Amino acid sequence: MPLAMLLLLLLLLSPDSQTAHGHPLYTRLSPGALQVLSAQGTQALQAAQRSAQWAIKRVLMEIQHRLHECQVQCGERHQGVANTTRAHGRIVGGSTAPSGAWPWLVRLQLGGLPLCGGVLVAASWVLTAAHCFAGASNELLWTVMLAEGPQGEQAEEVQVNRILPHPKFDPQTFHNDLALVQLWTPVSPEGPARPICLPQGSREPPAGTPCAIAGWGALFEDGPESEAVREARVPLLSADTCQKVLGPGLRPSTMLCAGYLAGGIDSCQGDSGGPLTCSEPGPRPREVLFGVTSWGDGCGEPGKPGVYTRVTVFKDWLQEQMSAGPSTREPSCRELLNWNAREEEPFTDAPGLCAFYARQCLGSESSCARLALQQCLQRRRRCELRSLAHTLLGLLRGAQELLGPRPGLRRGVSAPARSAPSLQELPGHNPREQRLYSGSRIAGTWLQKPKPERRPETKGCPGLEPLQQKLAAIQRAHAWILQIPAEHLAMNFHEVLADLGSKTLTGLFRAWVRAGLGDQRVVFSGLVGLEPSTLAHSLPRLLVQALKAFRSASLTEGEPQAPWIGADQGQRLGKERQGQLQPPVP
Ligand code: ARG
């Protein structure tokens, strides 16, 4: 039975009016209507708790990432791996690197098909070439295959959360050919993948320094790609030499070149985005990333060294992107699809996820939060369409695989036969992930103040302190709802007493509301409809008021209490007598 019909029946069945001189002055909502209100209130409470837990979970994840990034040593190769990149090993032509030799080398895959190399530069960031994403910048389609271990430990495949091509990348000239890829989950410090070191300053090793390149790229121009990682040593060439041999296409401000003018050893198609690293001598030698494979004129041809994006020039951009707070950029599709907010949920707290949309809003806090929530939901709908397109593409690919090989496919790599994930498998629809979220018990014991979290050591880990402050602020703001265990999360509307003489233009009546949450009681005044349609209409506002009343009740707990608490505190309210609201004396 529709809600409106149910309410109509309930209202008609038990009118409860008070009369003066034979005219009704006040009426109470029937127990049935109160029950419906209570059920909706409980749902609103659950939604508010989920949203608070989600906000905390996000900051905890950021803290974890930060800590992880501070702990993991960069640029160290695994012990025991033959550390002898042969001078004549070739990516073009082919020598295989020992397994686990390049722990920062990753493979970027589009729909399971390997397309480019990449370099792990932090626990959740991969640096690669921007041209890899030309025409395919939908992060839902990409995955990253991390490095395998020195004993052949299996490589892990991670989903992509966000792709950030350099804003000045020029696909015509390959100027600024760099992109950052944010992983959905950071690499585990126990796993074989390790980040490379980024250059500290703007200094680069001098021309002639033998540096290393690695990747799964083609063995010769237009040839098949390699099944295993290949490596080679190539000397850095001076900017003058690069310009002389490669002409105006080489822009020394953002590109460097490396290789042999005699030809024969070079990176090639499929190696793009991969590393050009040089070892920094010292008691504990480390590898530092100076170039990202970008382009070349053929592969390994005499007088045509390979071209690499200069990493030192982009140091500031990289730092800025990797340390940016979540509210400084639009939520990604993966984050939005993982978010289980529902449009009809009437709580006003915009989750941290949507804060980006509220940052330039000049309205009141609640109208900005509403606006942010709306924009978040709008973008999520667009993301859903994208992921649907993704699913269709997967089905199409599956059908093509059944029908035989695609004639247009240039690369000789056979894609693992696997169809794209369906909507159900995407984050937010993934039962395992959902269990992770709903299973995290952040709520403490009923009406106990949450225990302060033990703070991890922040010394020497920049960016950790503000995150911890943010966490504490969120915990404080939401403590009132986080401390309620799920089984006690029930709102009870005990009484709604409406003043029949106060009908507004919109058909609502001033009413006094008495509600309870556990042993917490609040009384506030609001507007209520007494017909099915107006009652349904007034419901969301009443629920928001009730949530606010409970929040301020628990915040002022211990302080001398006003006889009533509510949104309309300026209003003259009914007094509670013998557990029932009494109309105010005129
Ligand atoms: N653009 C190529 C790719 O997308 C990389 C080419 C490198 N060529 C070279 N001769 N070094 O994989």
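Read the numbers this way: they start at 1 and go in the same order the structure lists the ligands and their atoms. Predicted, not measured: the structure shown is a model, and the values here were computed from it.
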**Asked** Which pair of heavy atoms, one from Glu335 and one from Trp54, lies closest together, and at what distance?
**Response** O-CZ2, 4.5 Å
**Fill in**
One finds that the ligand 1 atoms under 4.0 Å from a non-hydrogen atom of Ser272 are 1 (N), 2 (C), 3 (C), 4 (O), 5 (C), 12 (O)
**Asked** For ligand 1, which atoms, with element, lie under 4.0 Å from some heavy atom of Gly306?
**Response** 11 (N)
**Asked** Can an N or O of Thr293 be found at a distance shorter than 3.5 Å from an N or O of ligand 1?
**Response** no
**Asked** Should Gly270 be counted as touching ligand 1, given the test is an N or O pair under 3.5 Å?
**Response** yes
**Prompt:** Mind checking whether His78 and Pro192 have side chains closer than 4.5 Å, heavy atoms only?
**Reply:** yes
**Prompt:** Under 4.0 Å between a Lys/Arg side-chain N and an Asp/Glu carboxylate O for Glu139 and Arg162?
**Reply:** no
**Prompt:** Is there side-chain contact between Leu110 and Phe133, with at least one heavy-atom pair below 4.5 Å?
**Reply:** no
**Message:** Between ligand 1 and Gln269, is the shortest N or O to N or O distance under 3.5 Å?
**Reply:** no
**Asked** Any nitrogen or oxygen of His131, main chain or side chain, under 3.5 Å from a nitrogen or oxygen of ligand 1?
**Response** yes
**Message:** I want to know if ligand 1 touches Tyr308 in the polar sense, i.e. an N/O pair below 3.5 angstrom.
**Reply:** no
**Message:** Taking a cutoff of less than 4.0 Å between a non-hydrogen atom of the residue and any ligand atom, is Cys116 in contact with ligand 1?
**Reply:** no
**Asked** Side chain, backbone, both or neither: which part of Pro305 comes within less than 4.0 Å of ligand 1 when only heavy atoms are counted?
**Response** neither
**Request:** Give a yes/no verdict on whether any heavy atom in Gly217 is under 4.0 Å from an atom of ligand 1.
**Result:** no
**Distance filter under 4.0 Å to Asp266 heavy atoms, resulting ligand 1 atoms** = 9 (C), 10 (N), 11 (N)
**Asked** Taking the side chain as C-beta and beyond, is there a heavy-atom pair between Leu140 and Leu337 under 4.5 Å?
**Response** yes
**Prompt:** Heavy-atom distance under 4.5 Å between the side chains of Leu115 and Cys132, does that happen here?
**Reply:** no
**Item:** Cys132, portion touching ligand 1 at heavy-atom distance under 4.0 Å
**Value:** neither
**Asked** Would you call the rings of His166 and Trp317 parallel, tilted or perpendicular if under 30° counts as parallel and over 60° as perpendicular?
**Response** tilted
**Asked** Just wondering, do Leu318 and Val121 contact through their side chains at under 4.5 Å, heavy atoms?
**Response** no
**Item:** Those atoms of ligand 1 less than 4.0 Å from some heavy atom in Asp271
**Value:** 12 (O)
**Contact summary for Ala97 and Trp102, nearest pair of heavy atoms** = CB-NE1, 3.8 Å
**Message:** For ligand 1 and Gly298, I'd like to know whether there is a polar contact (N/O to N/O, distance under 3.5 Å).
**Reply:** yes
